[in-house]
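FYI, side chains are in, hydrogens and waters are out, and symmetry mates aren't considered; it's all heavy atoms of this structure. Just so it is clear: chains get the letters A, B, ... in the order the sequence lines come, proteins before strands, and each one is counted from 1.
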4 protein chains.
Amino acid sequence: MQPENKRWARRKEARPQEILAAALKLFVKKGFAATKMADIAKAAGVTCGTPYVYFSSKEEIFKAVVRELLLPQLARCHDLLSNFQGSSAELLRAMLQTWWQAMGESEFSAMPKLMIAEGSNFPEVAKIYQEEFVNPGNKMLRHLLQRGIASGEFRLLDIDYAIEVICAPIVMAMLMKHSLINCLPDELDPERFINTTLDLLLNGLLASPKDH
Amino acid sequence: MQPENKRWARRKEARPQEILAAALKLFVKKGFAATKMADIAKAAGVTCGTPYVYFSSKEEIFKAVVRELLLPQLARCHDLLSNFQGSSAELLRAMLQTWWQAMGESEFSAMPKLMIAEGSNFPEVAKIYQEEFVNPGNKMLRHLLQRGIASGEFRLLDIDYAIEVICAPIVMAMLMKHSLINCLPDELDPERFINTTLDLLLNGLLASPKDH
Amino acid sequence: MQPENKRWARRKEARPQEILAAALKLFVKKGFAATKMADIAKAAGVTCGTPYVYFSSKEEIFKAVVRELLLPQLARCHDLLSNFQGSSAELLRAMLQTWWQAMGESEFSAMPKLMIAEGSNFPEVAKIYQEEFVNPGNKMLRHLLQRGIASGEFRLLDIDYAIEVICAPIVMAMLMKHSLINCLPDELDPERFINTTLDLLLNGLLASPKDH
Amino acid sequence: MQPENKRWARRKEARPQEILAAALKLFVKKGFAATKMADIAKAAGVTCGTPYVYFSSKEEIFKAVVRELLLPQLARCHDLLSNFQGSSAELLRAMLQTWWQAMGESEFSAMPKLMIAEGSNFPEVAKIYQEEFVNPGNKMLRHLLQRGIASGEFRLLDIDYAIEVICAPIVMAMLMKHSLINCLPDELDPERFINTTLDLLLNGLLASPKDH
DNA sequence: GATGAATGAGCCTTCATTCAT
DNA sequence: TATGAATGAAGGCTCATTCAT
């Protein structure tokens, strides 16, 4: 008595997540405007009317993608880091690694692209992303830097701007995963990438002892 | 007999550039799909049929924007840097500053957003951007790093990945200029931003003398 | 074992009537096309699939509304009038009053609107209405007029057309109850309305004694 | 050089009126909801996008039909009657005849049906119709009755309600022209109809001299 | 070259209807 | 009998593109 006829399968619980997952994939690949509702439906294994059973419009699907799929990832990051013991440099390494694992290596790596591409057309979505994802993330990084500076481990920096310099490589790596644009000569090797990022951020380019 | 009097006889040469400039502004603000041909025309001061006199389709306008408007900027960068005399650190500073002035502070700051957002829908455009803009830019940076390493000024680094780490902050700054997303608490102060970027990239976070 | 406990076992007999009553209310308020099956179901206290247990389509519900709800009203009129004793003028008054009470003051006052609005899209329904409601009603009025003429109480009139002149005010009153259109400066006062109608129809506008 | 190819004919001036005329015909025949934009377009000899060059939505077409096609008819009536010399009974006859000629015998005879059928779904349209057509028409009739009463030609009546009784037959005749519903046994003969209406309204049903 | 009315394919969304439960 | 998730055809509307002027 397996549902031979998949067409009328009733899967009320699973459908919304399947639709959101399909939508995320397509939004990421083609952008919001170029993604057809019919394609989302097909990718989710339903027909074109079904998404409207669960979401009132394409834009609502977009919002739900952010809220339901992306925001939970931040909590994961937060949990992993909140109890960290060790040097600030080690904490930074742990943070970048966790971030990459939680986002960079999952389909959520596509969210930055999506927000950059479509945010200005959907201010509500951009606001959710900014306030519930970017700001909390920045806050975590700010604490980390302040912790390092307070302990004397880190130099005194222009923290506001340093945050961006530190975030930028990992965000760019995510963006490149989802464009045809690539700064790297080959496939991204995450370990090399994070090692190099940390090496540069912690020690800088200069070979000689610093003088300034 | 004055051709000036005939409204449609004037400036046959200037039209394409006006259309491309209008298109760039709108693509940047709203994305490719959300930009209507009629809006491009209006912004260029012509009517909706005129763009088709010069370009065969919306996509061709996109390509032309990249080729006609973006690529020349790279040449500017290249010229400025090719004859540089001085330390590699100073060269890096000059490069970031030139890059920011040529792109970050102009409307071309929007190109990265546009390419990230729409590149996968327009592989031809992405290819042009990759091969004629990104790759040459990376090559310049690679030379800079190799020059610094060869002279002993820079440490031995994983150059391929270091390139991305160095580019990322400035590209991210451009992206943020054109989204509602912002990692910075206030308006970007270019001087502070470039100083912090260079400080971090050259000296690293760590307070203690390096040992390796 | 109490069938009351099973929510879907209760009142198999009452369902169709509840659905038709709900449908009538909604058809009247919004028209046939603008009434959604789901709304009919909800108004009838069932879910969207239930109407299809009893009716094969929305149009069949429409037909049933006419047959089940409207036609019985005519019988009521007929019964009340068939045994009337008195002058023809009194009979006309009784007829208009009965008609208004049976239809004008009930929700059936909406049927004329519905038939005028949707009749041409549903010829079958229009035919039922015409043959089983309008024609019998006209016949009653024709008998009344013939009775009055035969007795010398009424003048000799073009009966076919007089029927319509006599019907028109009361039908219009029903139509106005269900539109945003209103010829009256205030709410309809049924007594004033029927008195004026009868006064005009019986005595005419002219002040002087008739001569013909 | 006649436009052999009708498809690209540019007829900016005529198009809107053609579209409205086509829309009126179809709205009348099928109702607003059942009329497809594509059908309006086809009936107007254009393709489905053209109506949107001139009207922003289907509802705007509806409004324009009322404003552009219906309201001018009222002016026609008004002009014909404003200079009338003669008895009030003759004026009433002239008014009904003019009304029937201007509306009843034209396609505008369909407007009452349309307003009754769709008015409640489009309050804005209903308001225009009520305020700019029904009210002015009623006002004209009120003046006529007051004129007749003041001169002693008409009896003292409940004017508000008499207006409706007088209007009703002619409005009903228009409604019947556009439904499958008919109170008359044969095709409407306008002359017989207006004669009977006037005869009844002026003299009443009763054969005996009035006493009151 | 320039115009802008006209085109028509395509997409989001609705909703009457179906059917597994 | 009743449910309500799922279906899919259809319609309003958009907009890139065309072409007579």
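Where B/A33 and A/Y54 meet DNA chain F, the nucleotide closest to each residue was compared, and A/Y54 sits on the side nearer the 5' end. Nearest-nucleotide assignment on DNA chain E puts the 5′-proximal partner with A/C48, out of C/T35 and A/C48.
If you check E/dA16, F/dC13, E/dT13 against the side chain of D/M37, the one that comes closest is F/dC13. Looking at the side chain of C/K36, the nearest of the listed nucleotides E/dA16, F/dT3, F/dT7 is E/dA16. The side chain of C/R15 approaches F/dA2 more closely than any other nucleotide in the set F/dT18, F/dA2, E/dA16.
In this structure, B/T47 reaches the E/dT3 phosphate: one of its side-chain N or O atoms is under 4.0 Å from OP1 or OP2. For C/T50, no side-chain nitrogen or oxygen approaches OP1 or OP2 of F/dA2 to under 4.0 Å.
When B/K113, B/K30, B/K29 are each tested for a side-chain hydrogen bond (donor to acceptor under 3.5 Å, both in side chains) with A/S120, only one passes: B/K113.
Between C/E124 and C/K127 there is no salt bridge, since none of the side-chain N atoms of the basic residue sits less than 4.0 Å from a carboxylate O of the acidic one.
Between A/R10 atom CZ and E/dA20 atom P the separation is 10 Å, expressed in whole Å. Between the C1' atom of E/dT14 and the NZ atom of A/K58 lies a distance of 17 Å, rounded to the nearest Å. Distance CG (A/D39) to C1' (E/dG10): 12 Å, rounded to an integer number of Å. One interatomic measurement links the two molecules: OH of A/Y52 to C1' of E/dT14, which rounds to 9 Å at whole-angstrom precision. Residue D/K12 contributes atom NZ, which lies 8 Å from atom C1' of E/dG4 at whole-angstrom precision. When the P atom of F/dA6 is taken as reference, atom NZ of A/K42 falls 19 Å away, rounded to whole Å. In this structure, D/W8 places its CH2 atom 10 Å from P of E/dA6, rounding to the nearest Å. Computed from coordinates, the D/R11 CZ to E/dT7 C1' distance equals 16 Å when rounded to whole Å.
Nucleic acid contact for C/S56: none, since no nucleic acid atom lies under 4.0 Å from a heavy atom of the residue.
Of all heavy-atom pairs spanning B/M37 and B/P51, the tightest one is CE-CB, 3.9 Å.
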Kindly express the pairing pattern of DNA chain E in dot-bracket notation, using | wherever a base pairs with another strand and counting only Watson-Crick or G-U pairs under 3.5 Å. .||||||||||||||||||||
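In this structure, A/K63 places its NZ atom where more than 12 heavy-atom neighbours from other residues, nucleotides or ligands lie under 6.0 Å away.
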Assess whether side-chain contact (heavy atoms from CB on, under 4.5 Å) is satisfied between C/E132 and C/V66, documenting all intermediate values. CA-CA 10 Å; C/E132 303 189 37; C/V66 173; over 6 Å; no
Step by step, work out the side-chain contact (heavy atoms from CB on, under 4.5 Å) result for C/V65 and C/M111. CA-CA 9 Å; C/V65 162; C/M111 290 306 308; 4.2 Å; yes
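Using a distance-only test at 3.5 Å, with no hydrogens or angles considered, no donor-acceptor pair links the side chain of B/K25 to the main chain of B/E107.
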